[in-house]
Amino acid sequence: MSELYIRVAEDENEEPMEIPSEDDGTVLLSSVAAQFPGACGLRYRNPESQCMRGVRLVEGVLHAPENDWGNLVYVVNYPKDNKRKMEEIDAASAVKIKRGFQKTSDLIVLGLPWKTTEQDLKDYFSTFGEVIMVQVKRDVKTGNSKGFGFVRFTDYETQTKVIAQRHMIDGRWCDCKLPNSKACPDEPMRSRKIFVGRCTEDMTTDDLRQYFMQYGEVTDVFIPKPFRAFAFVTFADDQVAQALCGEDLIIKGISVHISNAEPKHNNIRQLFPNFPGGSASLAAMFDRSQYQFPSFHV
DNA sequence: GTTGAGCGTT
């Protein structure tokens with residue numbers, strides 16, 4: 001019975017994840033909760049009655065029905081109020097739960113040899129865990145490496161391990177750190193609009209709409225022309241927008257950075273036609289006033 | 001073709 005895995009999913013229609021069982025054939029609730037934070041039990045559809053059945057849980061240990069887990073997909077139970085929170089109240093935490101708790105972020109890789117390629121980086125970092133993105137930053141004109149890059153892992157544990165040590169890559173010692181540009185203000189505006197930084201030119205409004213749909217209803221996508229490497233996406237629900245803020249997301253293999261959309265203030269003069277002095281001081285005042293006048297940013 | 005602490009064509 002050792003080295004057995006059971007299939008567990010958040011919902012009957014979601015993709016299952018394999019959770020390891022113990023030597024005696026039981027599964028620890030903590031093993032389930034490690035992948036599904038907040039889980040308090042498991043259920044499954046009884047093939048005969050077609051009814052959902054609970055899995056026996058004794059002191060944190062889940063016991064196989066009829067002493068055999070079989071090939072069924074088990075569904076995670078959450079405490080009742082959690083569930084209501086997820087479905088009705090807190091769209092923000094729903095997004096986070098869905099994506100797993102320990103989200104990884106891009107790591108900056110400092111000190112790369114000039115000759116190191118993205119393939120080299122991928123080969124090297126794959127020895128630590130699954131890699132979902134690598135970049136070597138290059139001079140746009142010459143194509144020469146700037147001597148640093150970025151890497152992103154699937155698992156948070158991998159990320160922790162990689163940050164903790166130095167790396168010998170193609171004959172040089174390199175460091176991996178969390179990049180500086182991670183900050184999201186503590187008191188974010190409750191905007192429904194997000195700023196999507198580091199877009200590439202081949203990302204269309206349709207691409208962005210398709211991608212962001214998974215988090216909630218998208219009401220608008222705006223890509224400035226000519227190309228400026230960023231875009232705005234507006235959601236129907238501000239909680240969805242806020243939940244994504246500060247994240248690095250992979251779109252078409254490219255890591256984009258999500259932050260709050262700054263209020264646009266190009267029409268201040270129209271709002272305050274008689275304000276004395278230059279537009280700069282007016283703009284500054286507008287910025288300080290945005291909490292009192294939330295309706296000004298649309 | 002050069003360099004060696006840094007921060008990703010907002």
Side-chain angles (χ1 to χ4, degrees), chain A residues 103-122 124-125 131-153 159 162-185 188-189 191-205 207-208 211-212 220-235 241-242 244-266 280 283-284 286-287 290 297-298:
Chain A
K103 40 185 199 275
T104 61
S105 41
D106 296 357
L107 302 180
I108 187 162
V109 189
L110 266 4
L112 289 176
W114 311 117
K115 56 174 242 202
T116 298
T117 65
E118 296 189 340
Q119 188 61 51
D120 295 333
L121 277 193
K122 177 131 198 216
Y124 174 76
F125 283 114
V131 170
I132 48 183
M133 190 263 336
V134 288
Q135 286 178 341
V136 171
K137 288 300 165 190
R138 297 175 183 281
D139 185 288
V140 274
K141 291 193 205 90
T142 66
N144 292 334
S145 167
K146 289 183 175 169
F148 71 96
F150 292 87
V151 61
R152 176 91 172 267
F153 295 96
Q159 166 169 323
V162 165
I163 293 176
Q165 69 177 72
R166 300 249 283 157
H167 301 272
M168 177 57 73
I169 303 176
D170 290 337
R172 275 184 58 93
W173 284 111
C174 302
D175 293 300
C176 294
K177 303 179 185 170
L178 286 168
N180 292 332
S181 63
K182 282 265 97 78
C184 242
M189 301 172 295
S191 175
R192 293 155 38 234
K193 197 194 307 189
I194 56 172
F195 178 94
V196 185
R198 307 199 300 264
C199 289
T200 53
E201 206 156 8
D202 68 329
M203 288 180 195
T204 65
T205 55
D207 290 332
L208 295 182
Y211 178 83
F212 283 102
D220 187 56
V221 176
F222 179 78
I223 299 178
K225 290 190 189 62
F227 175 67
R228 293 219 276 153
F230 63 91
F232 293 104
V233 174
T234 308
F235 290 94
Q242 294 307 317
L244 290 173
C245 187
E247 306 246 358
D248 293 311
L249 304 174
I250 312 276
I251 304 179
K252 296 179 110 174
I254 301 297
S255 169
V256 301
H257 187 71
I258 310 301
S259 54
N260 275 309
E262 305 264 328
K264 45 179 176 186
H265 37 206
N266 35 356
F286 180 87
D287 275 341
Q290 63 196 349
H297 58 85
V298 245

Can you tell which of [options] lies closest to the side chain of [X]?
X	options	answer
A:Ser259	B:dT10, B:dG8, B:dG4	B:dT10
A:Phe230	B:dT10, B:dG4, B:dC7	B:dT10
A:Trp114	B:dT10, B:dG8, B:dG4	B:dG4
A:Phe195	B:dT10, B:dT3, B:dG6	B:dT10

[X] [atom1] to [N] [atom2], straight-line distance once rounded to whole Å:
X	N	atom1	atom2	answer
A:Asp106	B:dG6	CG	P	21 Å
A:Asp139	B:dG4	CG	P	16 Å
A:Glu201	B:dT10	CD	P	14 Å
A:Arg166	B:dG4	CZ	P	17 Å
A:Asp175	B:dG4	CG	P	17 Å
A:Lys146	B:dG6	NZ	P	16 Å
A:Lys193	B:dT10	NZ	C1'	14 Å
A:Asp170	B:dG4	CG	C1'	16 Å

Please name the pair of heavy atoms, one in [X] and one in [Y], separated by the smallest distance, quoted to 0.1 Å.
X	Y	result
A:Ile132	A:Phe153	CD1-O, 3.7 Å
A:Trp114	A:Lys146	CZ3-C, 3.7 Å
A:Thr116	A:Arg138	O-NH2, 3.7 Å

* To do: Tell me which of A:Gly147 and A:Gln135 sits closer to the 5' end of DNA chain B, going by the nucleotide each one is nearest to.
  =>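 Comparing both residues, the 5'-ward one is A:Gly147.
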* **5' priority, DNA chain B, between A:Lys137 and A:Asn144 [closest heavy atom]** =>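 Comparing both residues, the 5'-ward one is A:Asn144.
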* Can A:Phe148 be classed as stacking with the base of B:dG6, given a centroid separation cut-off of 5.5 Å and a plane angle cut-off of 30°? -> no
* To do: Please say whether more than 12 non-hydrogen atoms of neighbouring residues, nucleotides or ligands are located less than 6.0 Å from NZ in A:Lys177.
  =>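 Incorrect, the count does not exceed 12.
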* Could you check whether A:Leu112 gets within reach of a base, just the sugar-phosphate, or nothing at all, counting any heavy atom under 4.0 Å? =>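 Contact class for A:Leu112: base.
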* To do: Anything under 30° is parallel, anything over 60° is perpendicular, the rest tilted; go ahead and classify A:Phe230 against A:Phe195.
  => parallel
